[in-house]
Chemist: 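Once you've had a glance at the structure underneath, I'll fire off some questions.
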Protein chains: 2
Amino acid sequence: METDERAAVVEEVVESIERSAEMYGLSRSAGRVYGVLHFAGEPLSIPELVERTGYAKSTISTVTRRLTRLGLIRRRSSGGGGKRVQFAAETELWFILQEVFQQYVHREISASQRTFDRALTRLQSLDDEDTEVEEARVEELRETYSTLETLLNASMEYSPSELADAIEQYDG
Amino acid sequence: METDERAAVVEEVVESIERSAEMYGLSRSAGRVYGVLHFAGEPLSIPELVERTGYAKSTISTVTRRLTRLGLIRRRSSGGGGKRVQFAAETELWFILQEVFQQYVHREISASQRTFDRALTRLQSLDDEDTEVEEARVEELRETYSTLETLLNASMEYSPSELADAIEQYDG
DNA sequence: CTGCTCGTTCGGATTGGACCGAACAGTCGG
DNA sequence: CCGACTGTTCGGTCCAATCCGAACGAGCAG
């Protein structure tokens, strides 16, 4: 039965997506839902996702909301005033990853930098204390994070092919 | 008492490091240990880390091993045949982050790509089945991951300033 | 209005990770 | 040899996140 073989192959890929999702800080169920939607030719409703993923209705509801907020899937109100909603996987995965990156990493980096800046000014205001060592340590952190932020900003402004081009040209 | 103010500032920065550590998939204790080591002028032994972080001896032992494996701190056998070991924070944080990145992200990406490649060949071997849709889906994933890997490889070959230069030049 | 289905939200069970304390092995000074 | 100290390992606890089932509100068909 080759149909089973095909299903097995798809299953393996979906499991790979599950692992990747965990690496991005998402849950296993989120990875599976995205994987199923990615391979489904059509948008799927929550009952359909329940059947195809094996997860409970409530889990699908929560997970789809999370994925929708992240932009990894798209929510469509199918039909006129109908209640039934449908979800489809976002195809431009790269740009989605960029956004996810921004929502999490960039936020944290900015917050850290603010902390570092504030710490530096507070240390510098303690003139009569010997705070050179601490100031140097904070400055190190600040520079590292600043570099990181610069790179992240650049990564978000350009498409992956543009970035690859930029690096290749620089190499030459 | 300005000394308290200084300690408070350092504490705040260390807490920021804790949060960043969590973002990198590390534990809170790992962030604190690294932070304390970063601000300590000298290498610290496990008992000293116990006292300064407030964590149990066993926790420090586990966490230092983890951080050492990741390359975020360096372990030194202080003295000749002595048992006492000491730890110091790695200063070239950027390069360390690159390595951590490689150890985790790159590994996962490579594994995923192997899965995708294998899935493609297996799908193509089922000639009598209609697997075009699945093949296209897997191909999409493969390309996205391939782009990601290219960028990561480039990011690991160059220093941050070089990367920033490359992007800036491309912009012009 | 009634029955059916859909989607959300809540409390509770389960699981995995973080952390601790105790026990253990090894080393040095006496 | 003995006692003090260091570092590792193991069993157990605690907590947060995941996931489920049940209850609820709402629309639609009849």
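Remember, it's a predicted structure, so these values are computed and weren't measured experimentally. Throughout, protein chains are lettered first and strands after them, A, B, ... in sequence-line order, and every chain is numbered starting at 1.
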Chemist: Are B/Glu139 and B/Arg142 close enough for a salt bridge, meaning some N to O gap below 4.0 Å?
Modeler: yes

Chemist: If only atom types and distance count, is the side chain of B/Ser16 paired as donor or acceptor with the main-chain N or O of B/Glu12 below 3.5 Å?
Modeler: no

Chemist: Distance check needed: C/dC6 C1' versus A/Phe87 CZ, whole Å only.
Modeler: 12 Å

Chemist: Quick one: B/Arg28 CZ to C/dC20 P, roughly how many Å, whole number?
Modeler: 13 Å

Chemist: Enumerate donor-acceptor pairs with a distance under 3.5 Å from any side-chain N or O in residues 50-57 of chain B to protein atoms, sequence neighbours excluded.
Modeler:
{"from": "B/Thr53", "atom 1": "OG1", "to": "B/Leu49", "atom 2": "O", "distance (Å)": "2.6"}
{"from": "B/Thr53", "atom 1": "OG1", "to": "B/Tyr55", "atom 2": "N", "distance (Å)": "3.2"}

Chemist: Please report the distance, rounded to the nearest Å, between CZ in A/Arg76 and C1' in C/dG7.
Modeler: 19 Å

Chemist: Quick check against the 3.5 Å criterion: does B/Glu48 have a side-chain atom that pairs as donor or acceptor with the backbone of B/Ser45?
Modeler: yes

Chemist: For A/Ser110, check side-chain hydrogen bond (donor to acceptor under 3.5 Å, both in side chains) against everything at least two apart and list the hits.
Modeler: A/Glu149

Chemist: So, for A/Tyr170 and B/Tyr170, is the gap between ring centers shorter than 6.0 Å?
Modeler: no

Chemist: Whether the side chain of B/Arg137 engages the backbone of A/His38 through a donor-acceptor N/O pair (distance < 3.5 Å, no angle test) should be reported.
Modeler: yes

Chemist: If I compare all heavy atoms of B/Leu37 with all of B/Phe87, which pair ends up nearest, and what's the gap?
Modeler: CD2-O, 3.3 Å

Chemist: Tell me: CZ of B/Arg66 to C1' of D/dT9, nearest whole Å?
Modeler: 18 Å

Chemist: Examine the side chains of A/Thr59 and A/Ser29 and answer whether a donor and an acceptor come within less than 3.5 Å of each other.
Modeler: no

Chemist: Of all of residues 36-49 of chain A, which get a heavy atom below 4.0 angstrom from DNA chain C, listed by number?
Modeler: A/Ile46, A/Pro47

Chemist: Quickly work out the A/Glu22 CD to D/dT18 C1' distance and round it to whole Å.
Modeler: 11 Å

Chemist: Within this structure, what is the CZ-to-P distance between A/Arg32 and D/dC19, rounded to whole angstrom?
Modeler: 11 Å

Chemist: Between residues 10-18 of chain B and DNA chain D, which residues have a heavy-atom gap below 4.0 Å?
Modeler: none

Chemist: By a strict heavy-atom criterion of less than 4.0 Å, which residues belonging to residues 53-63 of chain A are in contact with DNA chain C?
Modeler: A/Lys57, A/Ser58, A/Ser61

Chemist: Using the side chain to side chain contact (heavy atoms under 4.5 Å, CB included) rule, take B/Val36 and B/Tyr34 through it: C-alpha gap first, then chi angles, then the decisive distance, then the call.
Modeler: CA-CA 6 Å; B/Val36 166; B/Tyr34 179 85; over 6 Å; no

Chemist: Rounded off to whole Å, could you give me the CD-to-P distance for the B/Gln86 and D/dC5 pair?
Modeler: 18 Å

Chemist: Hydrogens and angles aside, do B/Glu134 and B/Thr131 bring a side-chain donor and acceptor to less than 3.5 Å of each other?
Modeler: no

Chemist: C/dT9, C/dG7, C/dC19: which one has an atom nearest the side-chain heavy atoms of A/Arg65?
Modeler: C/dT9

Chemist: Can you pull every protein N or O that's under 3.5 Å from an N or O on nucleotides 14-17 of chain D?
Modeler:
none

Chemist: Looking at every heavy atom in both A/Ala119 and B/Val9, which two are closest together, and how far apart are they?
Modeler: CB-CG1, 3.5 Å

Chemist: Can you tell whether the side chains of B/Arg32 and B/Glu11 come within less than 4.0 Å, N to carboxylate O?
Modeler: yes

